[in-house]
Number of protein chains: 2
Amino acid sequence: MTVPRQAVLEVLSADDRYRSAEEIFFQLHEQYPAVGLTSVYRTLTLLAQMGLVERFDMGDGKARFRLRTGAEEGSSCRLICTNCMKVEPCDQEAVEDQAASGSMDDVTRSLETEYGFQLRRRVVEYYGLCVDCRRRNEEKRSQEEN
Amino acid sequence: MTVPRQAVLEVLSADDRYRSAEEIFFQLHEQYPAVGLTSVYRTLTLLAQMGLVERFDMGDGKARFRLRTGAEEGSSCRLICTNCMKVEPCDQEAVEDQAASGSMDDVTRSLETEYGFQLRRRVVEYYGLCVDCRRRNEEKRSQEEN
DNA sequence: CCCTTATTGAAAACGATTTTCAATTTCAAT
DNA sequence: ATTGAAATTGAAAATCGTTTTCAATAAGGG
Ligand SMILES: [Mn+2]
Ligand SMILES: [Mn+2]
Ligand SMILES: [Zn+2]
Ligand SMILES: [Zn+2]
């Protein structure tokens, strides 16, 4: 546990907003002026690999980071403002429970009342291994058994 | 309707896979050697603004594009392989109908049987206007009425 | 302390995308 | 067809978030 790593964790722990590497760097800089942007990137990459940090790439070229909470359990949900690029984590259960069906209209209404958010587009992404890569993995595993 | 635009549309129409600008450029290049990569980018940006093309930014730095089908209706769903970076559109209705509940386990099972896909993480994103931007928009609108 | 190894910050490199700009197309009006 | 203004193009340069390089520094077990 080194200074830059502790510093990054400190900033991330402050709240659960998504922040860019640069934003994190600037917040660090006040208390830890010696820590460089390079180390911020390195630490974030490291923490993401360890699964402690969630990395999110919006369409605007800069990645955002957030401390991953145990509550997520392999599933995450967020509100993304296409105007100001703000990203806010949200509780999927709350949204879906509120929405009678999974229909776009019901979800729209739910987000409206729960968060004041005006929904334009819903995106569902499933991350994992495609058929091919899974097959390849299994082959590799059975080879290693020999 | 110019040559580069027609060329890009031709490639995108060929199938509904997600492709990077470079991939589109190389496919173009065989039939339209005079069209430059710059125009491919410009055309994709244009088509995305018009809503005809869906742009998707994965975590790997290069954006992917796909012709948007009318069927999507403000909601899109995709399988993303974290190993080979392949992106495949999928039918959310089919997945959720198959899954008894919206629980992670049920969805995992559904994706397994429907697509042979091994789910690791589900991400739900709601794009739209946050409370602040919405308020700001309404103020602007009411000012313009004067 | 000492030594080995891991980590750091600054500067340079990287790579996808955007910008610039002079040359070429487009297309509506003749 | 001919024109000409306006839009579009391709190549080269610029941009910018991120990564790599590398010499200097910090870590930390003995
Ligand atoms: Mn931010
Ligand atoms: Mn591709
Ligand atoms: Zn906003
Ligand atoms: Zn794969």
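Chain identifiers are assigned alphabetically (A, B, ...) following the order of the sequence lines, protein sequences preceding nucleic acid strands; residue numbering begins at 1 within each chain. Everything numeric in this text was worked out from a predicted model, so none of it was measured. Worth knowing before you read on, the calculation uses all heavy atoms, side chains too, and leaves out hydrogens, waters and symmetry mates.
When rounded to the nearest whole Å, the span between CZ of A/Arg42 and C1' of D/dA26 equals 13 Å. When the P atom of D/dT18 is taken as reference, atom NZ of A/Lys62 falls 8 Å away, rounded to whole Å. Spacing between atom OH of A/Tyr41 and atom P of D/dT21 amounts to 18 Å, rounded to whole angstrom units. Summarising the geometry, the separation between CZ on A/Phe65 and P on D/dG17 is reported as 13 Å, rounded to the nearest angstrom. As rounded to whole Å, 17 Å separates atom C1' of C/dG9 from atom OH of A/Tyr32. What separates CG of B/Asp60 from C1' of C/dC14 is a distance of 15 Å, to the nearest Å. D/dG17 atom P lies 14 Å from atom CD1 of A/Ile24, rounded to whole Å. One can place CD of A/Glu22 at 9 Å from C1' of D/dG17, the figure rounded to the nearest angstrom.
Pair check for D/dG30 finds C/dC1; Watson-Crick or G-U wobble, both atom distances under 3.5 Å.
The residue among B/Leu37 and B/Thr2 whose nearest nucleotide of DNA chain C is located toward the 5' end is B/Leu37. DNA chain C is contacted by both B/Val3 and B/Ala63; B/Ala63 maps to the nucleotide lying nearer its 5′ end (nearest heavy atom per residue). The nearest heavy atom of DNA chain D to A/Asp57 and to A/Met1 marks one nucleotide each, and the one closer to the 5' end goes with A/Asp57.
Taking every heavy atom of both residues into account, A/Tyr18 and A/Glu54 meet most closely at OH-OE2, 2.9 Å.
Just one of A/Tyr32, A/Phe25, A/Phe26 meets the ring pair (Phe, Tyr, Trp, His ring centres under 6.0 Å) condition when paired with A/His29; it is A/Phe25.
Distances were taken from every side-chain heavy atom of B/Ala21 (C-beta onward) to each of D/dT19, C/dT18, C/dT17; the shortest belongs to C/dT17. Among the nucleotides C/dA11, C/dT8, D/dA12, the one closest to the side chain of B/Thr38 is D/dA12. When distances run from any side-chain atom of B/Arg55 to the nucleotides D/dT18, C/dT18, C/dG9, the shortest one goes to C/dT18.
Under a 3.5 Å cut-off, the side chain of A/Arg19 and the backbone N or O of A/Val11 do form a donor-acceptor pair.
If you check every strand for non-hydrogen atoms under 4.0 Å, A/Arg5 touches sugar and phosphate atoms only.
Residues A/Glu22 and A/Val40 fail the side-chain proximity criterion, which asks for heavy atoms closer than 4.5 Å. Between B/Met104 and B/Leu119 there is a side-chain heavy-atom pair separated by less than 4.5 Å.
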